[in-house]
Undergrad: 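Below you will find the structure I want to go over with you.
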Protein chains: 2
Amino acid sequence: MIRVLIVEDEPLISRLIEMNLTRAGYRCTVANDGKTAADRIEQNDYDLALLDIMLPGLDGYDLLDYLRPQGVPVIFITAKGTVKDRVEGLRRGADDYIVKPFAVEELLARVESVLRRNGRGSVMQAFDVVLDSGAHTVLQNGAPVDLTPNEFLLLEQLMRNRGAALYRDTLYERVWGGDRAETDTRTLDLHIMRLRRKLHWYDHIETVYRIGYRLKKE
Amino acid sequence: MIRVLIVEDEPLISRLIEMNLTRAGYRCTVANDGKTAADRIEQNDYDLALLDIMLPGLDGYDLLDYLRPQGVPVIFITAKGTVKDRVEGLRRGADDYIVKPFAVEELLARVESVLRRNGRGSVMQAFDVVLDSGAHTVLQNGAPVDLTPNEFLLLEQLMRNRGAALYRDTLYERVWGGDRAETDTRTLDLHIMRLRRKLHWYDHIETVYRIGYRLKKE
DNA sequence: GGGCTTTGTATCGTAGTTGTAACAGCCTTT
DNA sequence: AAAGGCTGTTACAACTACGATACAAAGCCC
């Protein structure tokens with residue numbers, strides 16, 4: 001279980017973050033000001049902290065000083081996306097920053113990326129496979145499976161959206177990058193085939209004709 | 001149940017949208033201005049928001065900033081169909097836009113398309129059949145039914161507009177694409193037949209002579 | 001640079017899907 | 001009741017999409 005501390009004085013924002021991270025499988029704690037945040041930090045171990053810079057009482061920079069010695073990675077949340085703020089945050093040792101307003105995808109991506117860099121990630125399971133996005137490992141029945149980077153990304157997408165039919169476009173976009181608009185190549189099919197072969201998941205990964213692919217539920 | 005937030009200050013328009021979406025099976029909430037919309041957003045989870053850009057108080061762009069972080073897809077409703085507005089809306093992260101005045105069919109089509117792209121398929125039920133547009137599956141008495149893509153789309157249309165007689169033109173347009181203006185082929189009848197046969201729905205799908213087809217209500 | 005892995009294109013075969021043609025039967029109007 | 005248009009059904013041929021293999025290009029690690 002990955003514990004995340006959210007320090008943010010705007011309830012609207014903190015609730016958004018909490019909701020989305022909780023839904024993504026993280027355990028969240030929210031603090032509205034620097035003082036209570038410091039208390040929480042003293043009493044608990046966190047795997048990640050999201051800090052608003054501008055806070056009543058102790059500000060984000062102060063909290064960073066508490067957290068860094070503990071080895072807790074920090075992502076700053078800042079309203080002003082000025083270069084100055086950004087540089088200042090990173091200079092002081094933040095792992096990343098995110099500018100309000102932000103897209104939820106971006107938030108999740110950064111959280112995951114930071115956790116990954118720090119050796120922590122979310123763990124997903126489907127059938128006989130356990131995928132650890134932090135450690136970048138895939139185990140099948142406890143035995144490691146050797147996947148290439150793209151195969152890993154593809155599997156991650158399928159597992160993250162288990163049961164849903166994912167459109168070819170969507171998969172191309174999420175695995176190969178947003179600029180890619182290919183629908184006429186066999187690349188995706190090829191990678192699906194390689195996944196099926198490596199995992200012996202010929203039945204578990206279902207083809208949805210003319211739509212895309214879907215990871216069986218159950 | 002799919003929840004849709006409609007933010008629109010012209011009662012005539014908002015009522016029109018609400019009526020049609022409600023009839024199509026969505027649960028709607030209407031807000032007349034940006035402030036109340038923000039309140040609603042805070043207190044509820046929505047699966048989709050339809051935002052008029054020009055609003056008293058907070059405008060559509062402001063609301064977009066609240067909604068995007070939550071992962072709520074957004075469709076802008078704009079009076080001015082200028083290229084500039086469209087681009088601006090999409091650039092800021094809207095999923096789609098629709099220009100006033102609009103056809104109801106277009107509205108429904110865009111709503112559906114956006115929901116689908118965002119993986120929020122609706123689950124509909126009629127008689128012994130459950131259709132999940134997200135997973136792209138159809139179950140009859142719990143057993144999966146194998147439908148081809150066009151059969152699936154056709155069934156989806158019938159179920160979404162249960163009880164209403166759908167014109168042949170309308171069905172052609174929604175299933176086969178808007179550019180198609182064929183009324184002289186047997187294609188639609190053929191697909192209706194295939195649906196009736198696969199689902200044993202000889203009575204449930206009714207023929208409306210000279211008009212089109214209708215899915216029986218009860 | 002050499003050998004390895006990874007990736008993507010080209011290609012072919014196959015399975016699944018689709019629509020037209022053709023005809024039979026039905027509905028409605030006159 | 002007859003005529004004329006509409007719909008139901010079948011069969012088949014064209015078409016599209018996917019699975020699979022081989023191979024070449026690109027990246028990577030010594």
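Note on naming: letters A, B, ... go to the chains in the order of the sequence lines (proteins, then strands), and numbering restarts at 1 for each one.
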Undergrad: With the side chain of B:Arg186 defined as its heavy atoms from C-beta on, choose the nearest nucleotide among C:dT17, D:dC18, C:dA22.
TA: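 Within the option list, the nearest is C:dA22.
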
Undergrad: How would you label the contact of A:Tyr213 with the nucleic acid (heavy atoms, under 4.0 Å): base, sugar-phosphate, or nothing?
TA: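 Sugar-phosphate: the residue A:Tyr213, judged by heavy atoms under 4.0 Å, touches backbone atoms but no base.
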
Undergrad: With a 4.0 Å cutoff (strictly under), does any side-chain N or O of B:Arg196 reach OP1 or OP2 of D:dG8?
TA: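 It does, given that an N or O in the side chain of B:Arg196 lies less than 4.0 Å from OP1 or OP2 of D:dG8.
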
Undergrad: For A:Leu108 and A:Leu21, run side-chain contact (heavy atoms from CB on, under 4.5 Å): C-alpha distance rounded to whole Å, both residues' side-chain angles, the deciding distance at 0.1 Å, then the answer.
TA: CA-CA 7 Å; A:Leu108 288 172; A:Leu21 290 186; 3.7 Å; yes

Undergrad: Looking at A:Ile17, A:Ile77, A:Leu16, A:Ile75, which one forms a side-chain contact (heavy atoms from CB on, under 4.5 Å) with A:Leu107?
TA: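 Filter result, single survivor: A:Ile17.
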
Undergrad: Whole-Å distance between C:dC12 C1' and A:Asp189 CG?
TA: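 It is 14 Å, rounded to the nearest whole Å.
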
Undergrad: Tell me whether B:Lys198 is salt-bridged to B:Asp146, with the criterion being a basic N under 4.0 Å from an acidic carboxylate O.
TA: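 B:Asp146 and B:Lys198: not salt-bridged.
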
Undergrad: Examine D:dC6: is either OP1 or OP2 under 4.0 Å from a nitrogen or oxygen in the side chain of B:Thr207? Give yes or no.
TA: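 Checking B:Thr207 against D:dC6: no side-chain N or O falls below 4.0 Å of OP1 or OP2.
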
Undergrad: Counting side-chain heavy atoms from C-beta on, which of C:dT20, D:dG5, C:dT9 comes nearest to B:Thr185?
TA: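 In terms of side-chain proximity for B:Thr185, the closest of C:dT20, D:dG5, C:dT9 is C:dT20.
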
Undergrad: If you look at every strand shown and take non-hydrogen atoms under 4.0 Å, does A:Arg194 touch a base, only sugar-phosphate, or nothing?
TA: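 Base contact.
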
Undergrad: Of the nucleotides D:dT7, D:dC18, C:dT6, which one has an atom closest to the side chain of B:Tyr209?
TA: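 So the nucleotide nearest the side chain must be D:dT7.
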
Undergrad: How many Å lie between CZ on A:Arg210 and P on D:dA17, as a whole number?
TA: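 My rounded result for the distance is 6 Å.
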
Undergrad: For D:dT7, does OP1 or OP2 lie under 4.0 Å from any side-chain N or O of B:Arg168?
TA: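 Yes, such a contact exists.
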
Undergrad: Indicate whether OP1 or OP2 belonging to C:dG19 is found under 4.0 Å from a side-chain N or O atom of B:His191.
TA: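 Checking B:His191 against C:dG19: at least one side-chain N or O falls below 4.0 Å of OP1 or OP2.
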
Undergrad: For C:dT18 and B:Thr148 - does any side-chain N or O of the residue sit under 4.0 Å from the phosphate oxygens OP1/OP2?
TA: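 Result: yes.
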
Undergrad: Please check if atom OH in B:Tyr167 has more than 12 non-hydrogen atoms from other residues, nucleotides or ligands closer than 6.0 Å.
TA: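 For B:Tyr167, atom OH is not crowded (no more than 12 foreign heavy atoms under 6.0 Å).
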
Undergrad: Which distance, rounded to the nearest 0.5 Å, do you find between the CG of A:Asn161 and the OG1 of A:Thr170?
TA: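 If we round to the nearest 0.5 Å, A:Asn161:CG and A:Thr170:OG1 are 9.0 Å apart.
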
Undergrad: To the nearest angstrom, how far is A:Leu188 atom CG from D:dA17 atom P?
TA: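 Answer to the nearest Å: 14 Å.
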
Undergrad: So, taking the atom named CD1 in B:Ile205 and the one named CZ in B:Arg214, what distance separates them when rounded to the nearest 0.5 Å?
TA: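 So the CD1 of B:Ile205 and the CZ of B:Arg214 are separated by 12.5 Å.
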
Undergrad: Please confirm whether the shortest side-chain N or O distance from B:Trp176 to OP1 or OP2 of C:dG19 is below 4.0 Å.
TA: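 For C:dG19, OP1 or OP2 has a side-chain N or O of B:Trp176 closer than 4.0 Å.
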
Undergrad: So what is the end-to-end bend of the helix from C:dG1-D:dC30 to C:dT30-D:dA1, with 5 pairs used at each end and the value given to 10 degrees?
TA: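 Here the helix ends are tilted 40° relative to one another.
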
Undergrad: If the cut-off is 4.0 Å, is B:Thr187 near the phosphate of C:dT18, judged by side-chain N/O to OP1 or OP2?
TA: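 Checking B:Thr187 against C:dT18: no side-chain N or O falls below 4.0 Å of OP1 or OP2.
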
Undergrad: Starting at atom CH2 of B:Trp201, determine the distance to atom P of D:dG8, rounded to an integer number of angstrom.
TA: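 Rounded to whole Å, this separation is 16 Å.
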
Undergrad: Which is true for B:Ile192 with a 4.0 Å heavy-atom rule: it touches a base, it touches only sugar-phosphate, or it touches nothing?
TA: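 Answer is nothing: B:Ile192 stays at 4.0 Å or more from every strand.
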
Undergrad: When you measure from the side chain of B:Lys216 to the backbone of B:Glu206, do you find a donor-acceptor pair of N or O atoms at a distance under 3.5 Å?
TA: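 No, B:Lys216 side chain to B:Glu206 backbone: no donor-acceptor pair under 3.5 Å.
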
Undergrad: Does A:Arg197 reach a base, just sugar-phosphate, or nothing at all? Heavy atoms under 4.0 Å.
TA: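 Sugar-phosphate only.
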
